[in-house]
Amino acid sequence: MEIIDAHTHVFRSQDHGREAFGYFLSRNPRSGHPAEPVAYGTVGELRQMMASNAVSGANILMFTWSGQYWRDGQYTLPDEGTRREAAAEELRLRIVDRIRDNNAWAGATVAGQPDLTYFCGVDAVLMGEEEMLAELEARVAEGASGVKIVPRDMRIRGDDPRLRPLFDWCARRGVPVLTESSGHGAAFGRPSGFEKPLTEFPSLKLIFAHCGHSPVFGEGADVEVVELARRFENVCADLSLRVLEVADGKVEPERMAQHIRRIGVDRVLYGSNFVLAELLQPVADAARPQRVRTESSLQAFLRLPLTGDELAAVAAGNFRRLTSR
């Protein structure tokens, strides 16, 4: 069976992987975690994961934790008004350059590699409309298969007007947008927050990562994804982090299969959340972290009580259809 992992995170180097672990995720000995991550998310590690698990293709989601850079950078700014404004603009431009650099790296990484694709990342808060649309134009022209956004990092809802130009641009060109979604904590990333743009742009191909990611499986944000999928024919979801709940014995395989059918078998994509699946292991597992979380996710997916045609659609067919233009 062809398997395309639609949701992977790959970093430019081991140092970048350390940054994801220690800075972005705040994992360190003080939090009960080891000093070094169990994996760094390098291209070599992605290739090893694919070879070990017979994964045919992988889609890299290019995410720069730009909002976190911006918020933490405020502590470095001068107090005086004019100097502070100038320094803030310099900081913003440096972060936007980092977004561009990460996208350029991802584009160069997948170039000439038929088994790799990527979604470019943008920040609708730190990037002005012209900057954001110019980046979309450049990256999609160079081969990006879609766009990745993280509302929680930007600290905005899905109906924030700063996202409207992005949705408009992507809807008119058939470019899919994958958004982090969550039912945890603040409203950032709640699927229900995207109802307004979906109503305005019904042709928008919008993928909710983690199927909503409710703290209680099948409730809250998970239900919101189901309801939006029933109303909007281009709403999809990926299984990243969720089939780990099956692997860990928290959700029965039958319930997961039923939930996939509720969303629509033609709307769901297989995704593992490599390498963050490895880096997000709880403190209780930190003493003996596993490098096989992605493998466990795939094995749990393949054991779901779906028909062969249903498995094939979720494993690869839906991703191929969604990213074809």
Taking all non-hydrogen atoms of both residues into account, name the closest pair between [X] and [Y] and its distance.
X	Y	answer
Thr109	Leu116	O-CD1, 4.3 Å
Val10	Met62	O-CE, 4.1 Å
Asp238	Ser240	OD1-OG, 2.5 Å
Pro253	Pro305	O-CD, 3.5 Å
Pro176	Thr323	CG-CG2, 4.3 Å
Ala221	Gly212	CB-O, 3.2 Å

Those residues that, when tested against [X], pass side chain to side chain donor-acceptor pair (under 3.5 Å) (two or more places apart):
X	answer
Thr117	Asn59
Arg255	none
Arg164	Glu200
Asp168	Arg172

Sidechain N-carboxylate O distance under 4.0 Å for [X], [Y]:
X	Y	answer
Arg267	Glu233	no
Glu245	Arg242	yes
Asp159	Arg190	no
Glu129	Arg162	no
Arg293	Glu278	no

>> So if I apply the side-chain contact (heavy atoms from CB on, under 4.5 Å) rule between Ile3 and each of Val314, Leu311, Asn53, Leu298, which one comes out positive?
In response: Leu298

> Given the rule in the ring pair (Phe, Tyr, Trp, His ring centres under 6.0 Å) test, do His16 and Trp65 qualify, once you have shown the distances and angles that lead to the verdict?
Replying inline: CA-CA 12 Å; His16 195 194; Trp65 29 91; 5.4 Å; yes

Does the side chain of [X] come under 3.5 Å of the side chain of [Y] through a donor N or O and an acceptor N or O?
X	Y	answer
Tyr40	Asp15	no
Ser56	Glu2	no
Gln299	Glu295	yes

> Would a hydrophobic clustering, with Ile, Leu, Val, Met, Phe, Trp and Tyr connected at side-chain separations under 4.5 Å, put Phe21 with Val38?
Replying inline: no

>> For residues Leu280 and Phe11: do they belong to one hydrophobic cluster (side chain heavy atoms under 4.5 Å, members Ile, Leu, Val, Met, Phe, Trp, Tyr)?
In response: yes

Reported [atom1]-to-[atom2] distance for the pair [X] and [Y], which is rounded to 0.5 angstrom:
X	Y	atom1	atom2	value
Glu19	Leu25	CD	CG	10.5 Å
Asp101	Thr64	CG	OG1	9.0 Å
Leu136	Cys170	CG	SG	5.5 Å
Cys120	Asn102	SG	CG	11.5 Å
Met154	Asp160	CE	CG	8.0 Å
Leu133	Leu166	CG	CG	8.0 Å

Are any of the side-chain heavy atoms of [X] and [Y] separated by less than 4.5 Å?
X	Y	result
Glu224	Glu195	no
Asp115	Arg47	yes
Val235	Lys205	no
Leu163	Pro197	no
Pro202	Asn234	no
Thr42	Gln14	yes
Met49	Asp5	yes
Ile260	Leu306	yes

> Given Leu239 and Val268, is the side-chain contact (heavy atoms from CB on, under 4.5 Å) satisfied, shown in steps?
Replying inline: CA-CA 7 Å; Leu239 292 172; Val268 179; 3.6 Å; yes

>> Let's go through Val225 and Asp222 carefully: what are the C-alpha distance in whole Å and the side-chain angles of both, what is the deciding distance for side-chain contact (heavy atoms from CB on, under 4.5 Å) to 0.1 Å, and is it a yes or a no?
In response: CA-CA 5 Å; Val225 171; Asp222 293 356; 6.0 Å; no

By the ring pair (Phe, Tyr, Trp, His ring centres under 6.0 Å) test, which pairs, at least two apart or in different chains, include something from [range]?
range	value
residues 238-277	Phe217-His259, Tyr270-Phe301
residues 152-189	His184-His213
residues 220-240	none

> Residues in side chain to side chain contact (heavy atoms under 4.5 Å, CB included) with Arg71, at least two apart?
Replying inline: Gln68, Asp153, Arg155

>> Holding to side chain to side chain contact (heavy atoms under 4.5 Å, CB included), I want the full list of residues that pass it with Glu135, two or more places apart in sequence or in another chain.
In response: Arg100, Asn103, Val122, Met127, Arg139

> Which residues satisfy the salt bridge (Lys or Arg N to Asp or Glu O under 4.0 Å) test with Arg321, sequence neighbours excluded?
Replying inline: none

>> Donor-acceptor check, side chain of Asn318 to backbone of Val265, threshold 3.5 angstrom: yes or no?
In response: yes

> So, the side chain of Asn273 versus the backbone of Leu276: is there a donor-acceptor pair under 3.5 Å, distance only?
Replying inline: no

> Between Glu131 and Leu93, does a side-chain contact (heavy atoms from CB on, under 4.5 Å) hold up when you go through it step by step?
Replying inline: CA-CA 10 Å; Glu131 289 174 318; Leu93 291 174; 4.1 Å; yes

>> According to side chain to side chain donor-acceptor pair (under 3.5 Å), does anything in residues 74-89 pair up with another residue at least two apart or in another chain? List the pairs.
In response: Glu89-Arg92

> Which ILVMFWY residues can you reach from Phe319 by hopping between side chains whose heavy atoms are under 4.5 Å apart?
Replying inline: Ile4, Leu61, Phe119, Leu178, Ile207, Leu269, Leu322

>> Quick one, Arg27 with Gln281, criterion side-chain contact (heavy atoms from CB on, under 4.5 Å). Give me CA distance, side-chain angles, the key distance, then yes/no.
In response: CA-CA 10 Å; Arg27 264 51 174 178; Gln281 295 175 69; over 6 Å; no

> Parallel under 30°, tilted from 30 to 60°, perpendicular over 60°: which one fits the rings of Phe63 and Phe24?
Replying inline: perpendicular

> Parallel, tilted or perpendicular for Phe208 and Phe194, by the 30°/60° rule?
Replying inline: perpendicular

